[in-house]
Each structure stands twice: as C-alpha cells, then as structure tokens.
Amino acid sequence: MTSYATSSARADLSELRRLKSLLPPELRSWVTIEAATSANPPIITCEEIGKDQVEVMVDLVKWEALALDQRNLLFWHEIARIQNDTIPRDGWEMAALAIGLGGAVGELWVQDGLLLLLALALCGVSGWRIFKKNNGEKTLKEAIEADEKAIALATRFGYTLPNAYKSLGSALKVLIEQSPKKNQRKRYESRLDALKKSAAKAKARAKGAPA
C-alpha cells in the first residue's frame, strides 16, 4: 500500500512539474521551480541563485489550499517579476556597509582623516543602495506592474481577460485574509485596489471597442 508521505511527495512533484509547464518557453532553460524549505516561507517568491539562473520557491502546504486558477495567477506574478528584472539579488551593499562601518571605527581609533572620509563615503553609498532596494513605494509599484503583466501572461495561456482579473483578484483576497502582518496586508490591499481599477479600465475599453 502506498504511504501517505509517498502520495504527498508525488503530488508535490506533480504540482512543480505543472508549474514548470506554465513557464513561457523563453524562460524554461534558466528558471527552476522548487518547494520552499525555509522556516515559515512566503507562499511563493523568487530569487536569483546564480548568473542567468532564477529559482521560484513555493510553500506547497499553503499553495495546495488555493484554487488552481489562483495558483496560476500568483505564479505568473512571480514570472512577471523575473521578466521585469525586479527580483532580489545577492548584492554587495550589506557587505560594503559592514566594511565601511568597521573601517570608520578603526580610523577613528588611529585618527586618519582621509581614510575615515573614505569609510564614511562607502557607508553612505551602500546605505543609500539598501534604502532604495527596500523602498516600500518602489516595491509596491513593481508588484502592481507585475500583476498587470501576470494578466497578460494568463491571456497568453488561454485565459479570458475577465477570468484572469477575477482569478488574481480572488488570490489577493485570500492573501489579505491570511496575512498576520499589517504592512503585508496593506500591500496586498493596495495591489487589489490597483487591480480593480485596471479591470474597470479594461472593461470600459472592451465596451468601447467596435463590434
């Protein structure tokens, strides 16, 4: 008799293969899809893991609770982030900030003014880069743009425009309900508001189009 663990593992692999089939052909050689293994991971996210290599990570426990269409649209949102080149990278900024701070403390001790200025400049540049990468307004704008592109990807894979909007909107509602953090909920709510406005504009354009 097949054990529950074996059946679950097969189901997980089947879902990962299914998601792979939803990748645009031009991404299939350098985007991989894996089950998330970290503690309390996001339901889905992606990151660059090497030169010309991106990994999409899915929390399959939370993922399986979503309807199929909701999963598809959230997946295409991540793919849109990859296409828009807005995914996190292992940057040099944190290392540079640590070096700069360490250098500043050291130069204060030896009282070398020029080296102290250089260390402070390194802190300033790396700190500004970190601020820009984590700027809430910028990341929200990028997420809304990825939602728009996810809708376009859905139509490329056979969804009608109304169904694509409906599926992504319902997925965002689930994420709002499940998010314990106020800031995260507010971010999803802002995305949902932007999506509703976009859907209304698309509906108006469709009505105004010649028969």
Side-chain angles (χ1 to χ4, degrees), residues 1-91 133 139 142-181 184-185 187-188 191-192 195:
M1 182 180 291
T2 304
S3 70
Y4 171 78
T6 301
S7 298
S8 178
R10 286 178 180 171
D12 289 349
L13 287 173
S14 176
E15 177 62 5
L16 294 176
R17 284 195 297 268
R18 189 187 73 82
L19 292 176
K20 185 78 173 177
S21 73
L22 297 180
L23 281 171
E26 63 271 19
L27 269 62
R28 289 177 185 170
S29 63
W30 55 279
V31 174
T32 56
I33 304 161
E34 301 291 342
T37 55
S38 60
N40 194 28
I43 189 167
I44 184 169
T45 189
C46 58
E47 65 180 29
E48 189 176 80
I49 58 173
K51 187 176 180 181
D52 298 327
Q53 190 68 36
V54 175
E55 184 174 82
V56 179
M57 291 154 290
V58 183
D59 182 344
L60 288 166
V61 174
K62 298 174 188 172
W63 191 249
E64 293 293 338
L66 295 171
L68 191 66
D69 289 337
Q70 293 172 337
R71 295 181 210 168
N72 291 350
L73 268 294
L74 289 179
F75 177 72
W76 283 320
H77 170 87
E78 295 303 313
I79 299 311
R81 291 177 63 211
I82 295 169
Q83 292 179 325
N84 290 344
D85 196 26
T86 57
I87 59 172
R89 288 178 174 79
D90 293 331
K133 286 176 72 173
T139 55
E142 290 172 349
I144 290 170
E145 289 172 350
D147 284 339
E148 290 285 346
K149 198 159 193 172
I151 297 295
L153 280 167
T155 60
R156 181 176 169 182
F157 278 83
Y159 278 71
T160 65
L161 201 56
N163 282 343
Y165 276 111
K166 182 179 178 181
S167 298
L168 182 53
S170 65
L172 289 173
K173 287 177 183 177
V174 172
L175 295 181
I176 290 167
E177 292 169 359
Q178 294 180 351
S179 297
K181 295 181 180 178
Q184 189 66 67
R185 281 200 308 274
R187 177 185 171 88
Y188 288 138
R191 284 174 57 188
L192 182 58
L195 190 70

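The first residue of the sequence shown is numbered 1, and numbering continues consecutively from there. Computation of the quantities below employed the complete heavy-atom set of this structure, encompassing side-chain atoms and omitting hydrogens, waters and symmetry-equivalent molecules.
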Closest non-hydrogen atom pair, [X] against [Y]:
X    : Y    : result
S179 : Y188 : OG-CE1, 3.1 Å
E78  : C46  : OE1-SG, 3.3 Å
I44  : W63  : CD1-CH2, 3.9 Å
T139 : R187 : OG1-NH1, 3.3 Å

Does a side-chain heavy-atom distance below 4.5 Å link [X] with [Y]?
X    : Y    : answer
I151 : L73  : yes
F75  : I33  : yes
K173 : L192 : yes
P24  : Q83  : yes
L19  : V56  : no

Please round to the nearest 0.5 Å and tell me the distance separating atom [atom1] of [X] and atom [atom2] of [Y].
X   : Y   : atom1 : atom2 : result
S21 : L16 : OG    : CG    : 11.0 Å
L66 : I43 : CG    : CD1   : 4.0 Å
E34 : E55 : CD    : CD    : 5.0 Å
T32 : L23 : OG1   : CG    : 9.5 Å
N72 : L22 : CG    : CG    : 5.0 Å
I79 : I82 : CD1   : CD1   : 4.0 Å

[X] (side chain) donor-acceptor with [Y] (main chain) under 3.5 angstrom:
X   : Y    : value
R81 : E47  : no
T45 : P42  : no
W76 : A152 : no
K62 : P41  : yes

(request) Could you name each residue pair satisfying side chain to side chain donor-acceptor pair (under 3.5 Å) that touches residues 146-156, not counting sequence neighbours? (result) E26-R156, H77-D147, N84-K149, D147-R191, E148-S198
(request) Answer yes if the side chains of Q70 and S167 hold a donor-acceptor pair under 3.5 Å, and no otherwise. (result) no
(message) Are more than 12 heavy atoms, taken from residues, nucleotides or ligands other than K20, located less than 6.0 Å from that residue's NZ atom?
(response) yes
(request) Count the heavy atoms belonging to other residues, nucleotides or ligands that lie under 6.0 Å from NZ of K166, then report whether that count exceeds 12. (result) no
(message) Walk me through whether E15 and R71 qualify under salt bridge (charged side-chain N to carboxylate O under 4.0 Å, His left out).
(response) CA-CA 10 Å; E15 177 62 5; R71 295 181 210 168; 3.4 Å; yes
(request) Apply side chain to side chain contact (heavy atoms under 4.5 Å, CB included) to L195 and I144, showing your working. (result) CA-CA 8 Å; L195 190 70; I144 290 170; over 6 Å; no
